[in-house]
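Sequence lines set the chain letters: A, B, ... in the order given, protein chains first and strands last, and positions in each chain run from 1.
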Amino acid sequence: MANQQPTSGNPKVDLEYRRRKNSEEMRYQVITFSLMIFLTLIAFAAVGFSDFSGWFIVPFIILLAVIQVIFQLYYFMHMSHKGHEAPQLFLYSGVLVGALTLLAFMTIVWW
Amino acid sequence: MHADEKFTYETWPAAPERATLEAKNKFLGFWFFLGGETVLFASLFATYLALKDKVPTAEHHLAKDLFEMPLVFLMTMLLLTSSLTSVYAMYHMKNFDFKKMQLWLGITVLLGLAFLCLEVYEFNHYVHEFHHTFTSSAFGSAFYALVGFHGGHVAFGLLWIVALMVRNSKRGLSLYNAPKFYVASLYWHFIDVVWVFIFTVVYLMGMVG
């Protein structure tokens, strides 16, 4: 049984190539993780140990959360890989409806 | 490629999570479900933001009286780390290393369980120390609905991963179960995505006031 993406016609070489590619990707995942931890630390520090006003801190930590979630989606959940067009359509449709819901609840419902 | 085919390290495909038709369907269907989950959590977040600190009388505690940073920080670190350990599990799945995949999934489950125990402690603390319950105020209802629903997802994710680990423990990896493990790990990452917004919007913004 051949590999899905034979590149050299020699399965042993393909295997080594894939193995290397996998471990390279894993290294990127660990870097992504360190960045996520770093963003989390900044967000907690901004709230716990800074004197900025809420008008600055709130948009700032929401921005950090959005960046962190993009890392999570595109690297940990592999949305940056090929063949994720449908997942992007599904997820962004969900985000759009979700954003409309948030907007509606925070502006015209109960206020 | 067939789901029941026996594989070796050499013949294992590069993308086992999408190598069969069933796997492709699972992958697509699961992302569709995640789109729906996004809407569901967004409406819970919207409700929480609209009802935050809406309490009937002045004796009720508000968000800034309740939340404590060390506990939330610890929970965040546990869940973030469990996201990385499940990435490790999928790395070993792609390299056809069943034992290491099981090991990393096991670590993921332990971290998730620790998170859940802290959440139970946290809720218990709010109920007994602050009389902040599901029915005490609109704020309480919105808070427990959002955070509790996330906790419920964590509990379900743990049961799911443990069920897969136990059910497949003697089978080894195949194209039948590799997509199942992959989809469960996607679910686990999504739980973490939701938590990132919870710790930011509920806890950190709550502490800001």
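In this structure, the side chains of A/Gln68 and B/Thr200 stay at 4.5 Å or more apart for every pair of heavy atoms. Side-chain contact between A/Val30 and B/Tyr88 is present, with heavy atoms from C-beta onward closer than 4.5 Å. Counting heavy atoms from C-beta outward, A/Leu73 and B/His189 have side chains that stay 4.5 Å or more apart. Between B/Trp31 and A/Met79 the shortest side-chain heavy-atom distance falls below 4.5 Å. Counting heavy atoms from C-beta on, the side chains of B/Leu84 and A/Phe76 come closer than 4.5 Å.
Contacts between residues 20-28 of chain A and chain B, counted as heavy-atom pairs separated by less than 4.5 Å, involve A/Asn22, A/Ser23, A/Met26.
Checked against the 6.0 Å centroid criterion, the rings of A/Phe105 and B/Phe45 do not qualify as a close aromatic pair. For A/His84 and B/Phe27, the ring centers are positioned less than 6.0 Å apart.
Contacts with chain A were tallied for B/Val39, B/Thr76, B/Leu34, B/Val87; B/Val87 has the most, counting heavy-atom pairs under 4.5 Å. Note on B/Trp188, B/Phe41, B/Phe197, B/Phe33: by heavy-atom pairs under 4.5 Å with chain A, the leading option is B/Phe197.
Across A/Ala86 and B/Leu28, no two heavy atoms sit closer than the pair CB-CD1, 3.4 Å. The minimum heavy-atom distance linking A/Gly98 with B/Ala42 is given by the pair CA-CB, 3.3 Å. Nearest heavy atom pair, residue B/Ala46 against residue A/Thr101, reads CB-O, 3.9 Å. Nearest heavy atoms, A/Ile37 versus B/Leu80: CD1-CD1, 3.9 Å.
B/Met90 does not touch chain A: none of its heavy atoms, backbone or side chain, sits under 4.5 Å away. Both the backbone and the side chain of A/Ile62 come within less than 4.5 Å of a heavy atom of chain B. With a 4.5 Å cut-off on non-hydrogen atoms, B/Val72 touches chain A through its backbone and its side chain both.
In terms of modelled atom types and a separation under 3.5 Å, the side chain of B/Arg18 and the main chain of A/Gly83 share a donor-acceptor contact.
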Pair A/His78-B/Tyr182, side-chain contact (heavy atoms from CB on, under 4.5 Å): steps then yes or no: CA-CA 11 Å; A/His78 311 294; B/Tyr182 184 83; 3.1 Å; yes

Verdict with supporting geometry, B/Thr81 and A/Phe33, side-chain contact (heavy atoms from CB on, under 4.5 Å): CA-CA 8 Å; B/Thr81 310; A/Phe33 176 72; 3.9 Å; yes

